[in-house]
Amino acid sequence: MPVAVCALSHSPLIGFNHPAKAVEERVEKVFEHARGFIAAFDPDLVVLFAPDHYNGFFYDMMPPFCIGTRATALGDYDTPAGELSVAKSARTLAKDVLAAGIDVAVSERMYVDHGFAQPLQLLFGGLDRVPVIPVFINSVAAPLCPVGRVRQLGTAIGHASAHLDEQRVLFLGSGGLSHDPPVPQLENATEEVAARLIDGRNPTPEERARRQARVIASGLDLAAGTSSMQPINPEWDQQFLDVVSAGELRLVDGWSTEWFAEQAGHSSHEVRTWIAAYAAMAARGKYVMNYRFYEPVPEWVAGFAVTTAVSADA
Ligand SMILES: O=C(O)/C=C/c1cccc(O)c1O
Ligand SMILES: [Fe+2]
């Protein structure tokens with residue numbers, strides 16, 4: 001039963017902020033390559049690991065992980081809104097992952113944002129083009145679980161995927177790498193912001209527009225060198241890619257959440273989605289990373305990477 005990985009950064013600023021034309025052209029070619037890889041692999045199931053940014057998950061009930069047995073995208077930053085085509089096997093997967101000792105939450109009404117919607121749009125052309133199991137991994141709302149638990153989640157999902165009816169499973173990771181966009185934190189938040197982080201569902205169109213305008217402007221500031229935001233850290237990003245490429249995933253167990261934030265910004269925790277995707281792949285056997293692209297793109301507030309991997313014996 002063949003398996004494959006595609007892991008990529010997302011940025012809701014793609015299409016809003018424009019880096020140099022050559023950069024946009026390079027990235028479009030990279031997306032074309034990823035689309036070609038996925039089309040050739042022809043998955044009958046995508047297990048999509050992604051974070052949320054206080055659009056679907058809030059502090060009134062913040063699980064470290066959640067498998068959606070149904071899911072709806074909210075359509076932030078002009079990403080598509082609507083139902084994902086969640087595979088029936090999502091329930092079986094959740095049951096098997098729990099049986100393996102990983103305390104994953106389950107949602108029959110999971111709301112997801114650009115973290116899930118953007119890769120589905122860019123790689124498949126829409127939210128409902130392929131059966132998907134959406135797996136939320138908390139990557140912004142402190143306290144975060146130890147990163148080793150994310151690796152174990154990925155491992156459990158990888159093992160469980162071998163027993164599903166679907167034969168060709170693509171593990172898709174969405175997030176990272178180093179970046180520090182202005183996503184608020186509960187610690188030291190004003191009362192008004194804290195209320196939004198605890199239960200900020202259904203913002204008015206004006207509230208959403210204000211938030212998005214602020215983040216879009218932050219990308220332009222970062223590119224112009226006028227930002228107080230933590231810069232992208234290409235060295236850290238390449239080292240992370242080296243670890244994943246070498247299959248040395250157990251190394252992540254020694255990485256603290258503080259170290260991530262210091263080195264690579266608060267949103268670098270989004271590489272948790274990569275760790276889960278690659279750990280799932282590793283659970284199915286040795287893999288080879290057969291494609292690796294990286295470029296820092298400050299306009300998109302992104303250490304921007306796209307990788308794919310196949311089984312070593314494929
Ligand atoms: O949720 C937001 O408002 C912004 C999110 C963001 C910005 C830049 C890069 C990312 O990976 C993001 O998720
Ligand atoms: Fe993000």
Side-chain angles (χ1 to χ4, degrees), residues 7-19 23 27 48-59 62 73-79 81 111-122 134-142 144 150 172-186 189 193 196-197 200-201 203-223 227 229-234 236-237 240 260-261 264-277 294-306:
L8 73 171
S9 307
H10 60 241
S11 170
L13 307 184
I14 296 175
F16 288 96
N17 290 348
H18 298 281
V23 176
V27 172
L48 171 51
F49 300 92
D52 180 71
H53 312 76
Y54 300 111
N55 289 303
F57 287 84
F58 295 87
Y59 272 108
M62 181 63 74
L74 291 148
D76 61 327
Y77 290 94
D78 292 354
T79 54
Y111 289 103
V112 301
D113 68 10
H114 64 270
F116 287 86
Q118 187 173 70
L120 290 175
Q121 180 183 29
L122 282 169
V135 183
F136 159 76
I137 298 181
N138 177 22
S139 307
V140 296
L144 300 181
V150 178
L172 179 53
S174 165
L177 304 185
S178 66
H179 64 311
D180 197 32
V183 176
Q185 286 152 38
L186 189 60
V193 172
R196 186 148 53 77
L197 300 184
R201 293 176 184 86
T204 64
E206 292 74 24
E207 283 166 343
R208 187 170 289 292
R210 263 201 304 279
R211 167 182 171 171
Q212 296 189 179
R214 190 167 52 87
V215 177
I216 291 166
S218 79
L220 296 179
D221 283 347
L222 190 63
S227 171
M229 247 152 57
Q230 198 166 325
I232 294 165
N233 184 342
W236 188 91
D237 289 339
F240 174 77
F260 274 84
H266 292 91
S267 289
S268 65
H269 301 301
E270 288 187 355
V271 298
R272 286 168 174 246
T273 61
W274 286 57
I275 291 164
Y294 174 77
E295 182 154 346
V297 187
E299 290 83 352
W300 296 341
V301 194
F304 203 85
V306 179

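Nothing here was measured: the structure is a model prediction, and the numbers come from that model. Counting convention: from 1, in listed order, for ligands and their atoms alike.
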Asker: Taking the non-hydrogen atoms of L13, is any one of them nearer than 4.0 angstrom to ligand 1?
Answerer: no
Asker: Under a 4.5 Å cut-off applied to non-hydrogen side-chain atoms, are F260 and E270 in contact?
Answerer: no
Asker: Is P12 touching ligand 1 with its side chain, its backbone, both, or neither, if touching means heavy atoms under 4.0 Å apart?
Answerer: side chain
Asker: Quick check for you: with the Fe ion (ligand 2) as the vertex, what angle do NE2 of H53 and OE2 of E270 span, to 10°?
Answerer: 80°
Asker: Taking C-beta and beyond as the side chain, do S9 and W300 meet within less than 4.5 Å on heavy atoms?
Answerer: no
Asker: Using a 4.0 Å cut-off to any heavy atom of P181, which atoms of ligand 1 qualify?
Answerer: 7 (C), 8 (C)
Asker: Would you say H179 reaches the Fe ion (ligand 2) with an N/O/S atom under 2.8 Å?
Answerer: no
Asker: Looking only at heavy atoms, is any part of Y77 under 4.0 Å from ligand 1, and if so is it the side chain, the backbone, or both, or is it neither?
Answerer: side chain
Asker: Return the CD to OH distance between Q185 and Y54, rounded to the nearest 0.5 Å.
Answerer: 7.5 Å
Asker: Considering only heavy atoms from C-beta outward, does the side chain of Y111 approach that of D52 to under 4.5 Å?
Answerer: no
Asker: Identify which of H179, R211, H53, Q118 has a heavy atom lying nearest to atom 10 (C) of ligand 1.
Answerer: H179
Asker: Which atoms of ligand 1 have any heavy atom of H114 under 4.0 Å away?
Answerer: 1 (O), 5 (C), 12 (C), 13 (O)
Asker: Hey, does P119 have a side-chain heavy atom less than 4.5 Å from the side chain of L8?
Answerer: yes
Asker: Looking at side-chain heavy atoms only, is the closest gap between P182 and V215 below 4.5 Å?
Answerer: yes
Asker: With atoms numbered from 1 as shown, which atoms in ligand 1 lie under 4.0 angstrom from a non-hydrogen atom of E270?
Answerer: 11 (O), 13 (O)
Asker: With the side chain counted from C-beta on, respond yes when R210 and P203 share a heavy-atom pair under 4.5 Å apart, and no when they do not.
Answerer: no
Asker: Should the proximity of Q212 to ligand 1, defined as any heavy atom under 4.0 Å, be assigned to the side chain, the backbone, both, or neither?
Answerer: neither
Asker: State whether the shortest distance between N or O atoms of H10 and N or O atoms of ligand 1 falls below 3.5 angstrom.
Answerer: yes
Asker: Please determine, by modelled atom types, if S174 and H10 share a side-chain donor-acceptor pair under 3.5 angstrom.
Answerer: yes
Asker: Hey, which atoms in ligand 1 end up nearer than 4.0 Å to a heavy atom of V215?
Answerer: 3 (O), 4 (C), 7 (C)
